[in-house]
Amino acid sequence: MKVAVYPGSFDPITFGHIDIAVRALKVFDKLIILINVHPTKHALFSAEERKNMVEVTMKDYLDRLEVVVANDLTVDETKKLGATHMIRGLRAVTDFEYEFQLTHANRVLDNEIDSIYFMTDNKYSFLSSALVKEIGLFKGDLNKFVPSYVVEKMKEKLK
Ligand code: ADP
């Protein structure tokens with residue numbers, strides 16, 4: 001069984017993340033969304049809240065999709081979870097430099113775990129969790145960017 005891990009902050013999950021996850025599910029038998037907890041990065045939602053939003057919004061895929069909160073280095077988690085590849089998304093050329101660095105750093109850490117990149121649908125190429133949080137903060141309409149469950153959670157969090 002081919003298993004991949006899709007690591008990220010998912011703070012919160014957007015239609016862009018979902019687009020990448022669905023593409024990866026066409027290639028792998030099982031996908032594990034790994035919620036990263038960055039000690040230096042301030043997240044709006046707790047890891048458990050982010051996990052819940054992924055599970056609810058991707059409920060149609062839960063027979064082949066699992067959501068796990070990371071406690072360790074991503075490559076180590078990937079191996080522990082029995083996956084061979086990490087999935088990442090590319091929006092635009094601007095993502096490339098950071099992702100290039102990340103892939104090579106991960107290869108130094110563990111050369112057996114490789115990364116696979118999917119390009120998002122063009123309509124999500126501008127979309128990021130940071131943008132969603134900014135629009136949410138100013139009470140903008142988020143329905144075109146995130147699923148309705150996440151819109152509700154954003155409203156609760158920011159009220
Ligand atoms: P990180 O903090 O690790 O960048 P994110 O949750 O922001 O985590 O993103 C996780 C992955 O999903 C990254 O590879 C990122 O490039 C990708 N991603 C995020 N938003 C989009 C989008 N709109 N389209 C395609 N890929 C995306």
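Side chains are part of it too, since the values below use all heavy atoms of this structure and drop only hydrogens, waters and symmetry mates. Whatever order the structure lists them in is the order used to number ligands and atoms, beginning at 1.
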- Would you check the N or O atoms of Ser128, main chain and side chain alike, for any that come under 3.5 Å of an N or O of ligand 1? no
- Query: Is there any N or O on Asn36 that sits under 3.5 Å from an N or O of ligand 1?
  - Reply: no
- Message: Could you tell me, atom by atom, which parts of ligand 1 come under 4.0 Å of a heavy atom of Thr120?
- Response: 24 (N), 25 (C)
- Query: Side chain or backbone of Ser129 under 4.0 Å from ligand 1, or both, or neither, by non-hydrogen atoms?
  - Reply: neither
- Message: Tell me whether Lys51 is salt-bridged to Glu55, with the criterion being a basic N under 4.0 Å from an acidic carboxylate O.
- Response: yes
- Query: Could Asp19 and Arg23 be called an ion pair, given the rule that one side-chain N must be under 4.0 Å from one carboxylate O?
  - Reply: yes
- Looking at atom 7 (O) of ligand 1, what's its closest protein heavy atom, distance included? His17 NE2, 4.1 Å
- Message: Please work out, at 4.0 Å between heavy atoms, whether the side chain, the backbone, both, or neither of Phe126 comes within that distance of ligand 1.
- Response: neither
- Message: Under 4.0 Å from a heavy atom of Leu127: which atoms of ligand 1 are those, numbered in the order shown and with their elements?
- Response: 20 (N), 21 (C), 22 (C), 23 (N)
- Where is the nearest protein heavy atom to atom 21 (C) of ligand 1: which residue, which atom, and how far? Arg91 CD, 3.7 Å
- Message: Between ligand 1 and Tyr6, is the shortest N or O to N or O distance under 3.5 Å?
- Response: yes
- Task: Answer yes or no: is there an ion pair linking Arg64 with Asp29, defined by an N-O contact shorter than 4.0 Å?
- Result: no
- Electrostatic pair Glu112-Lys79, nearest N-O below 4.0 angstrom: yes
- Would Ile116 and Ile18 show up in the same hydrophobic cluster when neighbours are defined by side-chain heavy atoms closer than 4.5 Å? yes
- Task: Could you tell me how the ring of Phe126 sits relative to the ring of Phe145: parallel (under 30°), tilted (30 to 60°) or perpendicular (over 60°)?
- Result: perpendicular
- Hey, is Arg88 close enough to Asp95 for a salt bridge, meaning N to O under 4.0 Å? no
- Message: Looking at Asp72, is its backbone amide N or carbonyl O close enough to the side chain of Glu77 to form a donor-acceptor pair, meaning the two atoms are under 3.5 Å apart?
- Response: yes
- Task: Name the orientation class of the two ring planes belonging to Phe10 and Tyr6 (parallel below 30°, tilted from 30 to 60°, perpendicular beyond 60°).
- Result: perpendicular
- Task: Check each heavy atom of Ile20 against ligand 1 and say whether those closer than 4.0 Å belong to the side chain, the backbone, both or neither.
- Result: side chain
- Under 4.0 Å, heavy atoms only, figure out whether ligand 1 is touched by the backbone of Arg88, its side chain, both or neither. both
- Message: Counting only nitrogen or oxygen atoms and a 3.5 angstrom limit, does Pro7 reach ligand 1?
- Response: no
- Item | Main-chain N/O of Phe45 paired with Asp11 side-chain donor or acceptor, under 3.5 Å | yes
- Hey, is ligand 1 close enough to Tyr98 that some N/O pair sits below 3.5 Å? no
- Under 4.0 Å from a heavy atom of Lys41: give me the atoms of ligand 1 that qualify, with their elements. 2 (O)
- Would you mind running through ligand 1 and noting each atom that sits below 4.0 Å from a heavy atom of Phe10? 6 (O)
- Task: Determine whether Arg50 and Pro12 make a side-chain contact, defined as any pair of heavy atoms from C-beta on separated by less than 4.5 Å.
- Result: no
- Can you pull out the closest protein heavy atom to atom 8 (O) of ligand 1? Residue, atom name and distance to 0.1 Å, please. Ser9 N, 3.0 Å
- Item | ligand 1 contact on Glu99 by region, counting heavy-atom pairs under 4.0 Å | side chain
- Message: If the cut-off is 4.0 Å to any non-hydrogen atom of Gly89, which atoms of ligand 1 fall inside it?
- Response: 14 (O), 15 (C), 16 (O), 17 (C), 26 (N)
